[in-house]
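Worksheet: one structure, shown below.
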Amino acid sequence: MARFVWYLTKRILSYIVMIFVATSLTFFLASAFMSPRSNYEQRTPRPPQDSIEQSLYKANLNDKTPVIERYQKWLVGVVTHFDWGMAPDGSSINTQMSSKFLASVQLLTLATILSIFIGVGLGVYTAQRQYQWQDRFFSGVASLFMVIPTVVLAILIVFAAIEINALTGSRIFYVTGLSSGNFPTFFEWLLDFLQHIFLPTLVLTIVSSVGYHLTQRTYLLDEMHADYVRTARAKGLTRKQAIRRHALRASLIPTAVNVAFSIAGIFTGAVMTEKIFAIHGLGEYFINCINNNNIHGAVAVAAFSAACTLVGALLADLFAAALDPRIKMS
């Protein structure tokens, strides 16, 4: 137990250092390539120059201030008050991020869980039935969905939902947003939420589970033909027992690593789905930060992505150690 605690402490401390370095580099790069000043200078009518300077200075975005001074002021705010700064329009990054983060959690949590279980489950199922009709059917379907762009898939699903609504004469599915408003009871809110979340969840589940399915199938097939599995069969284990006790455990380790390092992309990479279903999450927010020269917003999203990646890496290590007793926490 003491060794595990020491291992965990060392990893967390090293991750904090890596997040600090990555976030700091992002701050300097964003400051070099983004120009919040242009947000004011391109307005019509153009604000007075003194007003522009004061607004930029208030937001800690004035390029006439040395970047080191701006970085120090920003870093003190983050460390002491967890204040990630201000956008060029003067609004708080913390306020902006909180609403976007909540929307992304609502959109992606269920889709992520479903895609992992469905994708990995199908990968295990088809690998054990290699070249049988089940394997050919599900692999063919997976290959088809893999080549269909996410935008096209989402639009097809939206059209299908609209036709279902028209045929039934009632609004079963909503195609935009995450809520229709406030509801007096929890069950009314839950029903409305499910009607909104079903379509984007379906899109994201299909897109993500396809990758997990094909990679898990490949990993398990490699392990099934390994020497140690044949040795286990020779010692008297049945094929299913050898796969379940040995091959499956080993094949889940690289899958866990893939899942762990895709967590950040899950939150910030669903831009097309968010656009089509009018859900204002972190993916859309990150693109808007780049387009609107929002330095502090872009850095905050980058820091969140780095934290997600490193937390995922830690969970992957722990999961791998649980599956393979040869892996030591040292």
Side-chain angles (χ1 to χ4, degrees), residues 8-102 104 261 263-269 271 280-314:
L8 198 61
T9 302
K10 287 196 301 182
R11 292 302 293 267
I12 292 175
L13 291 176
S14 65
Y15 286 166
I16 291 174
V17 172
M18 285 188 280
I19 292 173
F20 171 76
V21 173
T23 304
S24 299
L25 289 175
T26 304
F27 181 92
F28 288 113
L29 288 173
S31 299
F33 290 99
M34 295 184 188
S35 176
R37 179 179 296 276
S38 64
N39 291 22
Y40 293 92
E41 293 178 344
Q42 293 175 1
R43 290 180 182 176
T44 305
R46 186 178 186 274
Q49 189 63 35
D50 290 342
S51 176
I52 294 176
E53 300 299 335
Q54 291 177 2
S55 298
L56 290 173
Y57 182 79
K58 181 181 178 182
N60 193 32
L61 294 170
N62 196 323
D63 53 359
K64 294 183 179 179
T65 303
V67 66
I68 294 297
E69 292 184 18
R70 284 181 276 148
Y71 171 74
Q72 290 175 343
K73 183 178 179 180
W74 169 82
L75 185 61
V76 169
V78 172
V79 173
T80 58
H81 300 97
F82 202 70
D83 181 3
W84 289 88
M86 299 172 65
D89 60 3
S91 58
S92 170
I93 297 299
N94 288 33
T95 302
Q96 294 179 354
M97 284 280 292
S98 60
S99 61
K100 310 301 181 184
F101 174 75
L102 180 60
S104 289
F261 285 100
I263 291 177
I266 289 172
F267 275 97
T268 59
V271 179
H280 307 299
L282 285 177
E284 180 192 57
Y285 178 69
F286 184 62
I287 299 300
N288 290 338
C289 286
I290 296 175
N291 293 334
N292 299 326
N293 298 298
N294 188 349
I295 294 174
H296 296 152
V299 174
V301 175
F304 173 77
S305 299
C308 286
T309 301
L310 295 177
V311 168
L314 179 60

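Source: prediction; values computed, not measured.
A distance of 11.0 Å separates OH in Y40 from CG in N293, rounded to the nearest 0.5 Å. Interatomic distance, W74 CH2 to I93 CD1, rounded to the nearest 0.5 Å: 11.0 Å. Within the model, atoms OG1 of T95 and CE of M97 stand 11.5 Å from one another, a figure rounded to the nearest 0.5 Å. The distance from the CG atom of N39 to the OG atom of S55 is 11.0 Å, given to the nearest 0.5 Å. Expressed to the nearest 0.5 Å, how far CG of L282 lies from CD1 of I287 amounts to 11.5 Å.
Under the side-chain contact (heavy atoms from CB on, under 4.5 Å) criterion, T65 pairs with Y57, N62, E69, R70, sequence neighbours left out. Residues satisfying the side-chain contact (heavy atoms from CB on, under 4.5 Å) test with A30, not counting sequence neighbours, are M34, I295, V299. Applying the side-chain contact (heavy atoms from CB on, under 4.5 Å) rule to L13 yields the partners T9; only residues at least two apart in sequence or on another chain are considered. Scored by the side-chain contact (heavy atoms from CB on, under 4.5 Å) test, L29 finds F33 as partners (sequence neighbours excluded). Partners of E53 according to the salt bridge (Lys or Arg N to Asp or Glu O under 4.0 Å) rule, which considers only residues two or more places apart in sequence or in another chain, are R37, K64. For S91, the side chain to side chain donor-acceptor pair (under 3.5 Å) partners at least two apart in sequence or on another chain are D89, Q96.
With S104 contributing its side chain and F101 its backbone, the two residues share no donor-acceptor pair below 3.5 Å.
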Evaluate side-chain contact (heavy atoms from CB on, under 4.5 Å) for K100 paired with V301, printing each intermediate quantity in order. CA-CA 10 Å; K100 310 301 181 184; V301 175; over 6 Å; no

For I290 and F286, what are the C-alpha separation, side-chain angles and deciding distance, and is it a side-chain contact (heavy atoms from CB on, under 4.5 Å)? CA-CA 7 Å; I290 296 175; F286 184 62; 3.8 Å; yes

Requested in this report: Report the C-alpha separation of V67 and F27 in whole Å, then their side-chain angles, then the decisive distance to 0.1 Å, and conclude whether the side-chain contact (heavy atoms from CB on, under 4.5 Å) test is met.
Outcome: CA-CA 9 Å; V67 66; F27 181 92; 4.3 Å; yes

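Between A59 and A87, the closest heavy-atom pair is CB-O, 3.8 Å.
Residues N292 and P88 are not in side-chain contact: their nearest non-hydrogen atoms beyond the backbone lie 4.5 Å or more apart.
Taking a 6.0 Å sphere around NZ of K58, one finds it holds 12 or fewer heavy atoms contributed by other residues, nucleotides or ligands.
Every pair passing side-chain hydrogen bond (donor to acceptor under 3.5 Å, both in side chains) that includes a residue from residues 22-32 is listed here, sequence neighbours excluded: S24-Y71. The stretch residues 11-33 participates, sequence neighbours left out, in these salt bridge (Lys or Arg N to Asp or Glu O under 4.0 Å) pairs: R11-D317. Residue pairs meeting the salt bridge (Lys or Arg N to Asp or Glu O under 4.0 Å) criterion with at least one partner in residues 19-28, sequence neighbours excluded, are absent. Residues in residues 18-29 take part in no salt bridge (Lys or Arg N to Asp or Glu O under 4.0 Å) pair, two or more places apart or across chains. Applying the salt bridge (Lys or Arg N to Asp or Glu O under 4.0 Å) rule to pairs touching residues 292-312 yields nothing, sequence neighbours excluded.
Considering Q42, Q49, R43 as possible partners of R46, the one that fulfils the side-chain contact (heavy atoms from CB on, under 4.5 Å) test is Q49.
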Quick one: side chains of residues 76-86, donor-acceptor pairs under 3.5 Å with protein atoms, not counting sequence neighbours, listed by atom name and distance.
{"from": "T80", "atom 1": "OG1", "to": "V76", "atom 2": "O", "distance (Å)": "2.4"}
{"from": "D83", "atom 1": "OD1", "to": "G85", "atom 2": "N", "distance (Å)": "3.0"}

